[in-house]
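Each remark here refers to the structure printed beneath this line.
Convention: sequence-line order gives letters A, B, ...; per-chain numbering from 1.
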Amino acid sequence: MNKEITLRLSGDIEKCVPAGTPFFEVVKMLGQSKDTVGVLVNGLEKDLSAMAEEDAKLELLTVDSPEGLEIYRHTSAHVMAQAVKEIFPSTKITIGPVIKDGFYYDYDFERPFTPEDLVLIEKKMKEIIKRRLPISRIELTKEEAIALFKKRDEPYKVELIEDGLTEPITAYQQGDFIDLCRGPHLPSTGKLKAIKLLSTGGAYWRGDEKNKMLQRIYGTSFSSHLALDAHLKKLEEIKKRDHRRLGKDLDLFSTSDQIGAGLILWHPKGAIMRKVIEDFWRDEHLKADYDFVATPHMAKRELWEQSGHLSFYKENMYEGIDVDGIPYQIKPMNCPFHIMIYKSKLRSYRDLPLRWSELGTVYRYERSGALHGLMRVRGFTQDDAHIFCCPDQIEPEILKVLDFTTHVLGTFGFKDYEIYLSTRPEKYVGSLDRWQQATAALESALKQKGIAYEIDPGEGVFYGPKIDMKIKDSLGRSWQCTTIQVDFNLPERFGMTYRGDDGKAHQPIMIHRALLGSIERFFGVLIEHYAGAFPTWLAPVQTKVIPITEHHQEYANLLQKKLRDVGIRSEVDHRNEKMGLKIREAQLQKIPYMLIVGDKEIAEQSVSVRQRSGVNTTVPLDLCITQIKEEIALKRAV
RNA sequence: GCCCUUGUAGCUCAGUCGGUAGAGCACAUCCUUGGUAAGGAUGAGGUCACCGGUUCAAAUCCGGUCAAGGGCUCCA
């Protein structure tokens, strides 16, 4: 007779069961067997088939919880692997983890999987689900595990085990399929409901490009077809918002084979938006007590040696410019130039902090496969600034930057952030003292702001700790834009000093910061965030004047002039086309206001306003202009 | 960089077995003068990404280059 043990559940519920009772029995007693996919025993994930051995805190994991969904998807990945093995028995299985929004599994197979293969595999998966195969956990010693996977001719699994897995090694079996896996898993393949294979791609074994290229299949699964459909719909929406697509449709930017990969051509409509962004940026920097500097696009190789870029950033730098026999290189960063300005004269502690900003265009080598629209390019403009200060100014300056950042990003419509504090990495320069001081200053600033943040241990730059901010867009995706980095290294390397109140030379601290990151990338994020339907203050064409017939052109021109006189960007559609077509095209161009004028409007000096939303009103001409003007002045979001 | 896919008119894309290039949209001209998401006709527009090879003949087959797209981070 087993002794009774007590399982404590949430809400002070206690359940006593004999030791050795499997959790699925416990779950059944609790009447929760339908939705439960696993359990947390004292915070550790366990299979439903595991036994309750001793007194413990018990939590039930449903597929609606993040952990439960992980279990569900991990089993989905196993079912996919089983399906692949059944269709293509020569395939070797490798690893198949759960990722955000789904799962993947990497296979060693003689050729890439085709979309037709995916259809077959998905069909087979559904069949395996229908078989309702029980999934069982097997515990093995290292030798047993190696023997098992050698016998099954799965060399990748053997390698993983030999590479230092600790006993007990666990595997999961469903039907004839056995996979090395930590688990936990669903009790049966029959528990899976909505599953979809999405795409294929190459992936290196263990993520190392020196290793063999494997064939990866991505998929996702949900506990209901409704949830799956909603997810697929979101993927569609993401595709529709693709900034490369919209960039072309809205005539904002392009690239050209003849110019080169990763180099952006800004068309008039993109460039006017860029001007608006940059004007706003400059105005706000002036208000925030920054000064502007401007620096060249290249410098002698020697400068980059002194800055250390040629030792730690060489692979991202372009070289090969020869000026009268002296080697020059295009700049990948602006900092050395700002330092040279600092060093152009003696600085006093009374001068600090110095805040110097520049929209500085830099060029960095990116691997051809990494290039992506505006998000990853080889030439871009950083909204850069360097703050030179003494050590005890770090914290107030960081506070100021944080306030400034939320103000600037907020104006663009980004109100949600994820914030990371990255601390000292293994390879670093500078004294531990300084690291501690700077890290404490960053942390204290974040705490004072009451901002929630996560610590990214060891992810700081070698020259100092940093704060990274990711903005969340309208689809909930996050984008890294803002970075605020403390630097002890460059002031040291360049022998920067200021005269302190003691009359002695001291070394300033340098804070690098970019709020938008790069104008190109930020622009790409803006496009996707708004799906091209920009707030009026940003829209390249703010108003489209649409005369109904040729007879109304004069009035249309007058209206356009009035709009332009108060700084509203306006175009007139003079074409000999019907109004319906003109509206359609203005709508597709996502122009905020269509101003339609005909006989009626001329008679009463009014304008028929069709908003992008489809709302129609007729208002007196002057009122219409004032209202739009006000909306732009307030940078109102739509 | 590596693996896979793609590259045909300004855009989106057809083009079969290798036989010498097509549509819609956009553009131009004309007709139409209109009331809130596509009026009609006619016309112009191509070194089929580039280089080389096979062939009587290449957009099509082969090799290379360039560019674009997906993947290469979230470890059994």
Note to self: I'd like the C1' distance from B/G22 over to B/C30, given in whole Å.
What the structure shows: 26 Å

Check: Can you list the residues that meet the side chain to side chain donor-acceptor pair (under 3.5 Å) rule with A/S254, with sequence neighbours excluded?
Finding: A/H267

Notebook entry, point to check: If you check the A/I583 side chain, which of B/G34, B/A37, B/C75 turns out closest?
Noted result: B/A37

Check: Who is the Watson-Crick or G-U wobble partner of B/U33, with both distances under 3.5 Å?
Finding: none

Margin query: Could you tell me how far B/A58 sits from B/C48 if I compare only their C1' atoms? Round to whole Å.
Written below: 11 Å

Margin query: I want to verify a distance call: between B/G35, B/A38, B/C27, whose nearest atom is closest to the A/R575 side chain?
Written below: B/C27

Check: Who does B/G22 pair with, Watson-Crick or G-U, both distances under 3.5 Å?
Finding: B/C13

Notebook entry, point to check: Base, sugar-phosphate, or nothing: which does A/Y365 touch, judged by heavy atoms less than 4.0 Å apart?
Noted result: sugar-phosphate

Note to self: Under 3.5 Å for both donor-acceptor distances, Watson-Crick or wobble: does B/C2 have a partner, and if so which one?
What the structure shows: B/G71

Next item on the list: Starting from P on B/C74, measure out to CD on A/E459 and report it in whole angstrom.
Entry: 14 Å

Checklist line | Among A/T94, A/I93, A/I178, the one residue meeting side-chain contact (heavy atoms from CB on, under 4.5 Å) with A/E154 | finding: A/I93

Checklist line | Results of side chain to side chain donor-acceptor pair (under 3.5 Å) for A/E454 - residues two or more places apart only | finding: none

Checklist line | Per-nucleotide protein contact string for nucleotides 60-73 of chain B, where B marks a base within reach and S marks sugar-phosphate only (heavy atoms under 4.0 Å, - for neither) | finding: -------SSSBBBS

Notebook entry, point to check: On a whole-Å scale, what distance lies between the C1' atoms belonging to B/C74 and B/G69?
Noted result: 23 Å

Notebook entry, point to check: When you check the gap from the basic side-chain N to the acidic O, do A/R206 and A/D208 get nearer than 4.0 Å?
Noted result: no

Item checked: Pairing nucleotide - B/A59, Watson-Crick or G-U, each distance under 3.5 Å -> none

Check: Got A/L235 and A/L198 here, is their nearest side-chain heavy-atom distance under 4.5 Å?
Finding: yes

Check: Does a distance-only test, which skips hydrogens and angles, find a donor-acceptor pair under 3.5 Å between the side chain of A/E315 and the base of B/G1?
Finding: no

Note to self: Which heavy atom of A/Y104 sits nearest to which heavy atom of A/M80, and what is that distance?
What the structure shows: C-CE, 4.1 Å

Notebook entry, point to check: For B/U12, does either OP1 or OP2 sit under 4.0 Å from a side-chain N or O belonging to A/K248?
Noted result: yes

Margin query: Using a 4.0 Å heavy-atom cut-off, does A/E601 contact any base of the nucleic acid, only the sugar-phosphate backbone, or nothing at all?
Written below: base

Margin query: With a 3.5 Å limit on both atom pairs, tell me what B/U47 is paired to, counting Watson-Crick and G-U wobble, or say none.
Written below: none

Next item on the list: Could you measure between the two C1' atoms, the one in B/C4 and the one in B/G40, and give it in whole Å?
Entry: 47 Å

Check: When the ring centroid of A/Y107 is compared with that of A/F113, is the distance short of 6.0 Å?
Finding: yes

Note to self: Between A/Q542 (side chain only) and A/T536 (backbone N and O only), is there a donor and an acceptor less than 3.5 Å apart?
What the structure shows: yes

Note to self: When the P atoms of B/C66 and B/C51 are compared, how many Å lie between them, rounded to an integer?
What the structure shows: 15 Å

Checklist line | Inter-nucleotide P distance (B/A57, B/A68), Å rounded | finding: 35 Å

Next item on the list: Could you please name the partner base of B/A28, counting Watson-Crick and G-U wobble pairs only when both distances are under 3.5 Å?
Entry: B/U42

Next item on the list: Assign each of A/H78 and A/Q587 to its nearest nucleotide of RNA chain B by heavy atoms, then name whichever residue's nucleotide is nearer the 5' end.
Entry: A/Q587

Note to self: Using the P atom as the point on both nucleotides, what is the distance between B/A59 and B/G19, in whole Å?
What the structure shows: 10 Å

Notebook entry, point to check: Mind checking the P distance from B/G43 to B/C11? Whole angstroms is fine.
Noted result: 24 Å

